[in-house]
2 protein chains.
Amino acid sequence: MPRPHSALRLVDVAAEAGVSLATASRALAGRDGVSERLAAHVRRVAGELGYVANMHARSLAGGSTSTVGLIVHEIGDPYFSEIASGVLRLAGTEDRMVQICHSGRDPEVELRQIRMLIAHRVGVIIVAGSGYTDPALQAESKAELAAFQEAGGRVAVIGRHHVSADAVLPDNEAGGRAVAEHLLSLGHRRIAIVSGPGVLTTVTDRLAGIAAALERHGLRLADLPVVQTDFTGSGGRLAAAEILREYPRTTAIIALNDAMAIGVLSTLRAHRVAVPERISVAGFDDVSVAADLNPGLTTVRLPMTQMGELALELALKPPVARPRRKGTGHELVVRDSTGPVPS
Amino acid sequence: MPRPHSALRLVDVAAEAGVSLATASRALAGRDGVSERLAAHVRRVAGELGYVANMHARSLAGGSTSTVGLIVHEIGDPYFSEIASGVLRLAGTEDRMVQICHSGRDPEVELRQIRMLIAHRVGVIIVAGSGYTDPALQAESKAELAAFQEAGGRVAVIGRHHVSADAVLPDNEAGGRAVAEHLLSLGHRRIAIVSGPGVLTTVTDRLAGIAAALERHGLRLADLPVVQTDFTGSGGRLAAAEILREYPRTTAIIALNDAMAIGVLSTLRAHRVAVPERISVAGFDDVSVAADLNPGLTTVRLPMTQMGELALELALKPPVARPRRKGTGHELVVRDSTGPVPS
DNA sequence: CTGAAAGCGCTTACAG
DNA sequence: CTGAAAGCGCTTACAG
């Protein structure tokens with residue numbers, strides 16, 4: 001198999017620096033047991049020579065690998081591709097490679113991928129897909145990740161997972177509250193929800209926020225139509241058709257992510273339903289095209305790219321006793337797809 | 001570093017199967033020198049035990065790695081995330097991991113990433129970003145990839161690159177011709193082009209197609225405004241503003257990819273320019289939101305997901321003397337953003 | 001067709 | 001603080 005031109009080995013660096021293999025290894029790993037002066041010298045020599053450790057040898061010998069494993073539900077979905085972009089960007093500046101795999105929103109596949117990544121001896125695992133509300137669905141993944149951390153691996157998750165690890169927590173509940181408040185303040189009461197799979201914590205958290213806002217206005221989520229569908233554009237299209245058919249008096253639709261909201265807009269347009277004059281539509285995430293739609297989509301902005309960067313940043317920090325948890329903040333972005341309730 | 005529970009080694013499989021380490025290795029690698037009966041037996045035992053080779057040991061010993069390296073310009077761009085999705089999908093079914101990295105449309109970064117991937121001993125490299133028209137810009141990458149292939153690595157590229165490797169060739173020129181023909185047949189003559197960086201083969205090929213169509217109608221590309229900008233949404237926005245300002249009589253705009261076309265639509269909308277009544281707009285790629293825009297974007301569909309799958313498929317086939325080249329086909333998708341020239 | 005042994009490039013006890 | 005040596009789990013000449 002290909003071996004890089006620069007088949008420079010640690011022995012070469014050691015020889016050049018005039019130290020033993022062991023000392024060179026310790027110096028570069030930043031392990032103690034080497035005088036600071038010597039270590040600095042070795043590092044300088046390694047730098048001048050452009051030495052890059054053979055990750056396979058390192059891993060085989062029991063060292064850790066700099067590779068980052070990233071699990072997303074589906075990279076073709078802009079929500080995840082923006083997160084991945086953030087991870088790749090930061091990884092690039094740290095000279096780390098990123099292995100990406102699909103979980104397809106299937107806990108079993110997710111488990112398989114986690115095992116694959118561990119088998120490949122990645123040093124870091126980032127789980128970017130939503131967690132599952134039912135702990136049983138994640139029990140095995142949780143055990144696997146715990147063992148991985150026990151053995152020195154680093155883990156960070158994006159979203160609410162049943163895993164004890166550093167976490168980036170999207171402002172799902174507060175965002176749900178904000179978007180619902182927005183529609184309520186515009187006078188809407190006959191609001192329909194286009195929801196994703198109820199097993200995802202992302203979905204339940206966003207719904208919880210919406211429910212909280214409704215209650216402050218004396219409404220109950222249970223009394224509103226909640227159409228559960230795929231977390232995708234075609235899911236949104238189907239759901240919108242159902243809403244038009246079953247709940248024709250609806251004046252506003254909240255889709256639990258932008259992909260679905262875009263599908264909703266598409267169906268409404270096909271049915272020549274004026275947005276926002278007859279029905280207001282709001283989404284969640286603020287994927288980059290949301291601003292370019294017509295009408296521009298009112299949505300809750302989550303900083304996906306930064307979320308990816310932040311997750312990797314957390315994972316790269318030395319672990320602490322209690323996992324870190326970082327909120328993301330959110331921002332209600334009001335564009336043209338929402339307006340006053342039709343009189 | 002984390003070691004999987006199933007720290008099952010090849011010796012364990014060999015013992016269980018009652019053969020030597022060497023025989024077990026050969027049997028699983030499908031190398032000859034083992035009777036077919038014995039080999040089958042070893043493979044069955046390995047399967048039952050759930051054995052997975054330690055890729056690091058394999059790589060160190062000189063074997064090849066099943067990891068796939070994928071280089072994209074920017075994973076946040078839907079064109080690339082759809083290609084990546086195809087690669088990940090096929091890789092998943094083959095139990096291969098995929099390492100993705102950004103080249104940022106910078107030949108130097110691309111070269112660095114290629115070197116990184118080779119240093120990580122990936123078995124396959126897929127270059128998904130456009131090639132560069134100037135061979136000098138790719139000279140080093142080309143040499144690096146050639147050496148990699150020489151050493152047994154497999155390479156596939158998407159787009160026209162100065163590399164001798166299996167290639168998936170998007171129908172850029174024919175697509176350019178199709179979209180230009182479409183606008184010409186609608187009566188447009190004052191067509192402006194929103195172009196990406198002229199150093200990319202994707203750009204020059206699409207322009208060449210447009211030029212060919214124009215010539216058939218007695219027009220010359222050189223006489224039309226070609227605004228060169230970033231291959232992104234904001235590039236499209238800027239270019240559209242320039243066109244409105246400098247070439248106010250323009251009746252149609254061809255953007256060389258959908259990202260830019262979406263930016264163009266956005267700017268036209270901000271300026272209250274009716275599409276397609278006053279200006280028609282067409283894009284290229286058919287990213288998934290193109291259908292959901294309002295007006296729906298007329299564009300040239302390239303099968304990005306399949307392109308990703310196909311590239312990996314080619315790379316996974318045994319190499320042949322002459323690199324394979326597969327065209328992608330294309331399809332002009334006429335939606336609502338293009339219409340007859342205003343009278 | 002099959003096996004014993006060397007070696008890939010590291011890290012890490014174990015001595016000094 | 002530093003070094004010599006064993007060992008990680010494979011593959012691949014080299015013998016038989």
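Naming: A, B, ... by sequence-line order, numbering from 1 per chain.
Stem analysis of DNA chain D (at least three stacked-register Watson-Crick or G-U pairs, each with both distances under 3.5 Å) gives C:1-3 with D:14-16, C:5-12 with D:5-12, C:14-16 with D:1-3.
In this structure, A/L8 places its CG atom 15 Å from P of C/dC8, rounding to the nearest Å. Atom NE2 of A/H41 and atom C1' of D/dC1 are 16 Å apart (whole Å). What separates NE2 of B/H120 from P of C/dG9 is a distance of 16 Å, to the nearest Å. Counting to the nearest Å, the P atom of C/dG9 and the CG atom of A/L10 are 11 Å from each other. When rounded to the nearest whole Å, the span between CE of A/M55 and C1' of D/dC8 equals 15 Å. Going from atom NE2 of B/H56 over to atom C1' of C/dT11 covers 14 Å, rounded to whole Å. Rounded to an integer number of Å, the gap from A/R9 CZ to C/dG7 C1' is 12 Å. With rounding to whole Å, A/N54 atom CG is found 18 Å from D/dC8 atom P.
For the segment residues 21-29 of chain A, the set of residues with a heavy atom within less than 4.0 Å of an atom of DNA chain C comprises A/L21, A/A22, A/S25, A/R26, in numerical order.
Distances shown here put a side-chain N or O of B/Y51 below 4.0 Å from the OP1 or OP2 atom of D/dC10.
Across C/dT2, C/dC8, D/dT2, the shortest atom-to-atom separation from the side chain of A/L38 is found for D/dT2. Listed candidates were D/dT11, D/dG9, C/dC10. Nearest to the side chain of A/R58 is C/dC10.
Taking B/E108 as the reference, nothing meets the salt bridge (charged side-chain N to carboxylate O under 4.0 Å, His left out) condition, with sequence neighbours excluded. Judged as a side chain to side chain donor-acceptor pair (under 3.5 Å), and not counting sequence neighbours, A/R105 has no contacts. Legend: residues meeting side chain to side chain contact (heavy atoms under 4.5 Å, CB included) with B/E74, ordered by chain and number and at least two apart, are A/S85, B/D77, B/H102. The ring-ring contact (aromatic ring centres under 6.0 Å, His included) check on B/Y79 picks up nothing, with sequence neighbours excluded. Partners of B/H161 according to the side chain to side chain donor-acceptor pair (under 3.5 Å) rule, which considers only residues two or more places apart in sequence or in another chain, do not exist here.
Listed by first and then second residue, the side-chain hydrogen bond (donor to acceptor under 3.5 Å, both in side chains) pairs that reach into residues 304-323 of chain B come to none, sequence neighbours excluded. The list of salt bridge (charged side-chain N to carboxylate O under 4.0 Å, His left out) pairs with a residue in residues 81-104 of chain B, not counting sequence neighbours, reads A/R112-B/D95.
Salt-bridge formation is not detected for the pair A/K326/A/D166: no Lys NZ or Arg NE/NH1/NH2 atom is positioned less than 4.0 Å from an Asp or Glu carboxylate oxygen.
The aromatic rings of A/H56 and B/H56 sit tilted relative to each other, their planes meeting at an angle between 30° and 60°.
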